[in-house]
Structure formats: structure tokens, C-alpha cells
There are 2 protein chains.
Amino acid sequence: MPAGFSVDEMKRVDEVVEKRRRIKQGELLFSSGETFTSLYAIRTGFFKTCVTSADGREQVTGFQMAGEIIGMDGIVSDRHNCNAVALEDAEVCEMPFASVEELSRELPGLQRHVHKIMSREIVRENSVMMLLGNMRAEERLAAFLLNLVQRLHARGLSQSELVLRMTREEIGSYLGLKLETVSRAFSKFSEEGIIEVKQRHVKIIAPEALKKIFNPQTYF
Amino acid sequence: MPAGFSVDEMKRVDEVVEKRRRIKQGELLFSSGETFTSLYAIRTGFFKTCVTSADGREQVTGFQMAGEIIGMDGIVSDRHNCNAVALEDAEVCEMPFASVEELSRELPGLQRHVHKIMSREIVRENSVMMLLGNMRAEERLAAFLLNLVQRLHARGLSQSELVLRMTREEIGSYLGLKLETVSRAFSKFSEEGIIEVKQRHVKIIAPEALKKIFNPQTYF
DNA sequence: GTTGTCACTTGATATGTATCAAAGACTATT
DNA sequence: AATAGTCTTTGATACATATCAAGTGACAAC
């Protein structure tokens, strides 16, 4: 994944990948409390990560797709601090963190890459905090949809059509809303002709309108 | 800060600290968009970090005190992605990130330490997401107070008394509440004899009651 | 001591989202 | 093709927090 490596270096990075692991839909890649050993690069499939409070409330902390790295929550305490659940059949590369650290001591490019991945996660969570703390339901959903298509488009998929891998409840958990509120926001967007929704199939008709909802001030 | 170094190693870690910088109350240590060069270790004082949306809404993303590291948001894009504001006169150590990376390639202990700090921030933000997404006003404030005293106590200060360095509005921004709601929650706790509040001076009378509010299920 | 400013508290009301409830739509199983 | 189960939509109502407004208290400057 990191660019700018020689053939030899690339080979060594490849060797860090210990093995591939297949995860079926609904299964856990890792769970909270489990000993941390590895980061995982998602090759195919779609995950959610979530934390659970002592009294059982669940908060989805992110949705991850092919090419993204999960497991960094485990580094601090040598135990995972969240659950990672496959939302569709998935395949990941297991990268023992000790090997990642060892090799990144030798390859500054890899080291920098690891740092950037963790920093990106911090910055992403900052913007989720902004969503949860300041935005209204429709703004949250607009931001969520725009973020999803943008990431899917970066993977060669459509800019305008997407298939949601998660339920309304999971979207709601991520956005700090109840599933009914998510459903109503979808319906509202649909009525306004901004999107077309058919179950989990979403077609974005008016991306500009979504952006306007997400961030009204930019448009006056 | 990291333990388990030899005298020589400790000396080299010390050398990474380029210079000290004093920040007056209300001033910025760094701001969003600014070029990222360094992490900062807080020696004394108290900071908030916050992000601002395009339409001017502000979200406080954290409060940081002596011994904590800020600036990791800047690594991913070589630009800072949040503002760091001193809430009281402060002194920080500037640690050029290039030097940190260089030295941590030689000292596995330092490397691990850097990784843990970033992972800790990811995990912290996960629990803030839980707060913002699932908890009610009083639960949020209870969690906030418990977290603050716990961190202050770890620095040798009282377990039960604290002086807030931030306004009700800043607490509210962090917790996704309006300042009036924060104020009402303080008053409620005070009426119930859980805390004593006198402006920014807070005395925790019944920590168990706070813990119970934060997490009702644990107590039945 | 007086004035001004800013932070905070408290009350009344408004509003957005949650909750409760029921029905409809899709998927998987048999 | 029928059935069960899950997910989703929609309506009616409840509730927590926001908003608006006024007043109080603390601190700094003069």
C-alpha cells in the first residue's frame, strides 16, 4: 500500500503479511478484551467496529472497507478495545504488529505510513465528534452518504450509486440516531428528489443538494 | 516519559526536545491548516483542542493537561487539523516529528511509546463517541468529571476537588450540549449533594453516586 | 468604590428526536 | 409457493435538550 518502495523493500513489506483470514458475514475479526497481536488490512469485504458500554449500549465507531486498516485500538493496552464485525463475507491480511514495528524501524517510508494511518483515524474521529456534537439528523446522514460514496468512488466504484452494507440501526448507532430517525431522513431525501432509496440500494441524484445540507453556510 | 531506557538513551530522547515554548492563556499553540512539524508535550498548563466546521460551528475534541502529547492530528496531511488553545498560561516542549521518527527507529521502546500514545487517543475518541451517541446530559457530565479528577489525581492532585479550566460552554461543546444544559446538570448534582459547585471550583462529595449516574447498570 | 464585561444560573417555551406501535417489504428456509 | 424472521417504513405521542430571555454573580479596569 505505501508507495515509493524499491522492489526489495516491497518484498519485505509483503513478508509482514503473515496470513490471510476469511471472515464470514456476522463474524468477529476481533473483539474487545482479546489480546492484541496484529493489525488487519482489509482485502475484501466490509466491517463495522463498535464499542459496548458496561450496561450494554452499543456505539458503532466506524465502517471500514477494502484497503483500510483496523486494529489500532489494541496497541495502547495490548488488548483490543472494540469489536470488529464483518458486515459481509470478508478477507483480511493479518499483520503481526511486532513485525510491522520491526520493519518500520528499517524502512522510514513504512514508519511514516503507519503514523499517517493512525493520525488519519484520529482526524476521522474528530469529524465524527463534530457530527455527533453539532449536527442535526439530516446533516449527519448527508455527511455519512457523501463520505461513503467518496470512499467507494476512490475504489473505482460509482460516484452516485451505492449498496449499504449495514442496517438502519447500525447507521443510526454510528450517527447517534435511532433507526426510525435514519429511516425518516432517507424518506425525506427521497421525497425531495435528492436520492433514490430502495432498501439498501441508494442512488444519489443531487449530490450538490446533499453537500448543501451537510454544510449550509457554504452556499448561502 | 517512556520508561525502561538507559541513561544514554534517555539523554537522546531528551535531545529530541528542541525547545520550550510558552503559551499565554487564550493563545493558540497551533491552528488548523498550519504546517505540521512537531508534536508538543505539555509541561504545565491546560489546553483544549477543537475543530471548526465550514459554517463556524465549533466542536471541542479534547482537553489536555501536563504530561499529555498534542499535535498528532497533523501527521496525516502535514497540516494540523485542529486548533490547540491554552486555557491557562502554559509551557510545552516542542518535539520535531522528524526527530521523533528518526530516534524511534533506533529505540524500539520509544517507537512503541509513540504508537501507544496515538492508539490511546484513538481509544479515547471512541469513548467520546459513545458519550455523544448514547448518553444523556447527566451521564455525560458525570463521565466528564470522573475522567478529569482521575487524570488530575494521577498527577498528584486531589481525588475530590478540582478547578475547571474551561467555561460551561466549552464543557458543553465537548459533551455535545448547550451551556445551559451543562449548568443545569451541575445544579442538579449540587442539589442532590453529589458535588459542591462554586463557579469553577468543584468538590466531589459522592464519587460513587457519580459513577452510578455514569453507568447505572453496574449497580442495579 | 464604581463601572463594565463576561460567565453563569434559572425559568418558560419550542423543537428535534426518541419511543411506542403497527404494518409492509424483503430474504432465507423449507 | 408458503412461512418465518429480520429489516424497514410510517404515524402518534412523549421527552430531553435547545432556545430565548432575564437576572445574578465574579472579576478587572478605572
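All values derive from a computational prediction rather than experimental measurement. Chain naming here is simple, since letters A, B, ... match the order of the sequence lines and numbering starts at 1 in each. Keep in mind that the numbers below use all heavy atoms, side chains included, and drop hydrogens, waters and symmetry copies.
When the side-chain nitrogen and oxygen atoms of B/T167 are compared with OP1 and OP2 of C/dC6, none of them lie within a distance under 4.0 Å. Between A/R168 and the phosphate of D/dC7, there is no side-chain N or O to OP1/OP2 separation shorter than 4.0 Å. In terms of phosphate contacts, B/R200 brings a side-chain nitrogen or oxygen within less than 4.0 Å of OP1 or OP2 of C/dC8. Under 4.0 angstrom from either OP1 or OP2 of C/dT10 there lies at least one side-chain N or O belonging to B/S187.
With a 4.5 Å cut-off on side-chain heavy atoms, A/M118 and B/M72 do not count as touching. At a threshold of 4.5 Å between non-hydrogen side-chain atoms, the residues A/H115 and B/V114 count as touching.
At a threshold of 4.0 angstrom between heavy atoms, the contacts of A/L179 include nucleobase atoms, whether or not backbone atoms are also involved. As judged by a 4.0 angstrom heavy-atom cut-off over every strand, B/G176 is placed among residues touching the sugar-phosphate backbone only.
Rounded to whole Å, atom P of C/dT17 lies 12 Å from atom CG of A/L141. What separates CZ of B/R184 from C1' of D/dC20 is a distance of 11 Å, to the nearest Å. Computed from coordinates, the A/E180 CD to C/dG16 C1' distance equals 14 Å when rounded to whole Å. Between the CD atom of B/E138 and the P atom of D/dC15 there is a distance of 16 Å, rounded to whole Å. At whole-Å resolution of the value, CD in B/E169 and C1' in D/dT19 are 14 Å apart. One interatomic measurement links the two molecules: NZ of A/K198 to C1' of D/dC7, which rounds to 17 Å at whole-angstrom precision. As rounded to whole Å, 14 Å separates atom P of D/dA16 from atom CG of B/L177. If you measure from atom CZ of B/F186 to atom C1' of D/dT17, you get 17 Å, rounded to the nearest angstrom.
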Inset, instruction - For the pair A/K211 and A/E208, evaluate salt bridge (charged side-chain N to carboxylate O under 4.0 Å, His left out) and give the outcome as yes or no after the intermediate values. - result: CA-CA 5 Å; A/K211 285 175 196 152; A/E208 287 308 312; 3.4 Å; yes

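For B/R136, the listed nucleotide lying nearest its side chain is D/dA16; candidates were D/dA18, D/dA16, C/dA21. For A/S183, the listed nucleotide lying nearest its side chain is D/dT8; candidates were D/dT8, D/dA18, C/dA21.
Judged by the 6.0 Å and 45° rule, A/R165 forms no cation-pi pair with A/F63.
For B/Q199 against D/dC27, no side-chain N or O and base N or O form a donor-acceptor pair under 3.5 Å. A donor and an acceptor atom never sit less than 3.5 Å apart when one is taken from the side chain of A/E170 and the other from the base of D/dC7.
In this pair, A/F36 and A/H80 present their aromatic rings perpendicular. The plane angle is above 60°, beyond the 30 to 60° band.
For the pair A/M135 and B/T181, nearest-nucleotide mapping onto DNA chain C gives the more 5' position to B/T181.
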